[in-house]
Amino acid sequence: MTTSNAPLPLPDLARFHEDVLAWFDDTARDLPWRRDASPWSVMVSEFMLQQTPVSRVLPVYTAWMERWPTPAELAAEPTGEAVRAWGRLGYPRRALRLHAAATAIVERHGGEVPRTRDELLALPGVGDYTAAAIESFAFGGRAVVLDTNVRRVFARVVSGDQLPANAVTAAERQVATALVPIQDAHRWAAATMELGALVCTARSPRCEQCPVAEICRWRAAGFPAYDGPARRAQAWEGTDRQCRGRLMGVLRDAPGPVPRTVLDAVWPDAAQRERCLDGLVADRLVEPVGEDELALPGHA
DNA sequence: TACCCGTGGGT
DNA sequence: TACCCAAGGGT
């Protein structure tokens, strides 16, 4: 971290708001969960967008909303159907959590997505970011929406750093809170996210397209490189995650229960394979069927 | 807190 | 090509 979190001078603050909002009016993507920003639409999209890019979410989201237009319709189906419909979005536990959240919404909230922060946070799979996003995008609330895009934009424009810290800091939250405008808070949230996603990107920022390049402290400082603690690279080859993914892929693509011998064929290390299979069963992503078959939970 | 949890596209 | 990274949450 190179610079302080000193607030932007008031003239810059006003420009920050005005220029980002004007840019958003001109360039916002026409995304289906914006076009129909019902609470359930927003909630489904936010679950899918957790660590997954928009382009990959789009087709799965569309099919999901056609099949399950309300929480009650999702809750009425076996969890395995949700996992199958999740397809290759990754982190399939999110499908389970979305199903569980839908069930809780039916049981505790009469089938309607709740609108208070505490009620949202009590739902499975809803953390600080997702609760704020639903408050903001579905209900027009004045929430502090801090996702990876917003964090990066504020790190650069306000703090002069290339990237934010690994975890949200108190100072960061303070900056974000102070920046939420009195009016148009939900548009501000969407606009700052959009700016981070389209222009102020992690790798190759398009500063020539940026509406606030002239007040950006990172740019003014000459684009100093990130100097915080190293980010641990995500290992992949040979990990349990790869093994679990391979196993889930077989079960998703099969119409019904799969013999263990078929699963044996997709991962050579027997000990690791059994450990991962046990983990998937413990996570309720997979269900044993009889002695030597496995399936997605709830049926076939 | 640090680590676990998938998948695929961009650079 | 080999990384890096993506609208995070749970433990």
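Side chains included, hydrogens not; waters and symmetry mates left out as well; all remaining heavy atoms used.
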Original post:
Which one of A:Q51, A:Q50, A:R241 satisfies the side-chain hydrogen bond (donor to acceptor under 3.5 Å, both in side chains) criterion with A:Y91?
Top reply: A:R241
Subject >> Whole-Å gap separating P (C:dA7) and CH2 (A:W33) >> reply: 11 Å
Original post:
At under 4.0 Å between heavy atoms, what does A:W86 touch on the DNA or RNA strands: base, sugar-phosphate, or nothing?
Top reply: nothing
Original post:
Hey, does A:L146 reach any base, or is it just sugar-phosphate, or nothing, if we go heavy atoms under 4.0 Å?
Top reply: nothing
Subject >> Protein proximity profile, nucleotides 5-11 of chain B - base contact B, sugar-phosphate-only contact S, no contact -, cut-off 4.0 Å on heavy atoms >> reply: BBBS-BB
**OP:** Sort out for me which residue in A:E73, A:E77, A:E81 forms a side-chain hydrogen bond (donor to acceptor under 3.5 Å, both in side chains) with A:W68.
**Re:** A:E77
Subject >> Trace of the ring-ring contact (aromatic ring centres under 6.0 Å, His included) decision for A:F47 with A:W86 >> reply: CA-CA 11 Å; A:F47 270 69; A:W86 199 255; 7.8 Å; no
**OP:** Using the C1' atom as the reference point in each nucleotide, state the distance between C:dC4 and B:dG6 in Å, no decimals.
**Re:** 15 Å
Original post:
Is any side-chain heavy atom of A:E112 closer than 4.5 Å to a side-chain heavy atom of A:W40?
Top reply: no
Original post:
Considering only heavy atoms, which members of residues 122-130 of chain A lie under 4.0 Å from some atom of DNA chain C?
Top reply: A:P124, A:G125, A:V126, A:G127, A:D128, A:Y129, A:T130
Original post:
Partner of B:dG10 by Watson-Crick or G-U wobble geometry, both contacts under 3.5 Å, or none?
Top reply: C:dC3
Subject >> Neighbour count above 12 (heavy atom, 6.0 Å) for A:R115 CZ >> reply: no
Original post:
Which residue, A:R231 or A:T148, contacts DNA chain C at a nucleotide closer to its 5' end, judged by nearest heavy atom?
Top reply: A:R231
Original post:
Using atom P of each nucleotide, how far apart are B:dC3 and C:dA7 to the nearest Å?
Top reply: 23 Å
**OP:** Could you tell me the separation between the CG atom of A:N166 and the P atom of C:dC5, rounded to a whole number of Å?
**Re:** 11 Å
Original post:
On a whole-Å scale, what distance lies between the C1' atoms belonging to B:dG8 and C:dT1?
Top reply: 16 Å
Original post:
What is the distance, rounded to the nearest whole Å, between atom CD of A:E194 and atom P of C:dA7?
Top reply: 10 Å
Original post:
Using a cut-off of 4.0 Å on non-hydrogen atoms, how would the nucleic acid contact of A:A133 be classed: base, sugar-phosphate, or nothing?
Top reply: nothing
**OP:** Would you kindly say whether A:W267 and A:Q272 are connected by a side-chain donor-acceptor distance under 3.5 Å?
**Re:** yes
Original post:
How far apart are the C-alpha atoms of A:E135 and A:R117, what are their side-chain angles, what is the distance that settles it, and do they pass the salt bridge (charged side-chain N to carboxylate O under 4.0 Å, His left out) test?
Top reply: CA-CA 7 Å; A:E135 281 186 84; A:R117 172 174 189 73; 3.4 Å; yes
Original post:
Whole-Å distance between C:dA7 P and A:L49 CG?
Top reply: 8 Å
Original post:
How many Å lie between CZ on A:R284 and P on C:dG10, as a whole number?
Top reply: 18 Å
Original post:
When we call it a touch if two heavy atoms are under 4.0 Å apart, what does A:R152 touch: a base, just sugar-phosphate, or nothing?
Top reply: sugar-phosphate
**OP:** Spell out, as yes or no, whether a donor-acceptor pair under 3.5 Å connects the side chain of A:D283 to the backbone of A:L285.
**Re:** no
Subject >> Spacing of A:Y226 atom OH relative to C:dC5 atom P, expressed in whole Å >> reply: 10 Å
**OP:** Carefully, step by step, assess A:R217 and A:D161 under the rule salt bridge (charged side-chain N to carboxylate O under 4.0 Å, His left out).
**Re:** CA-CA 8 Å; A:R217 286 179 168 166; A:D161 295 322; over 6 Å; no
**OP:** Decide whether A:T52 and A:R94 meet the rule of one side-chain donor and one side-chain acceptor closer than 3.5 Å.
**Re:** yes
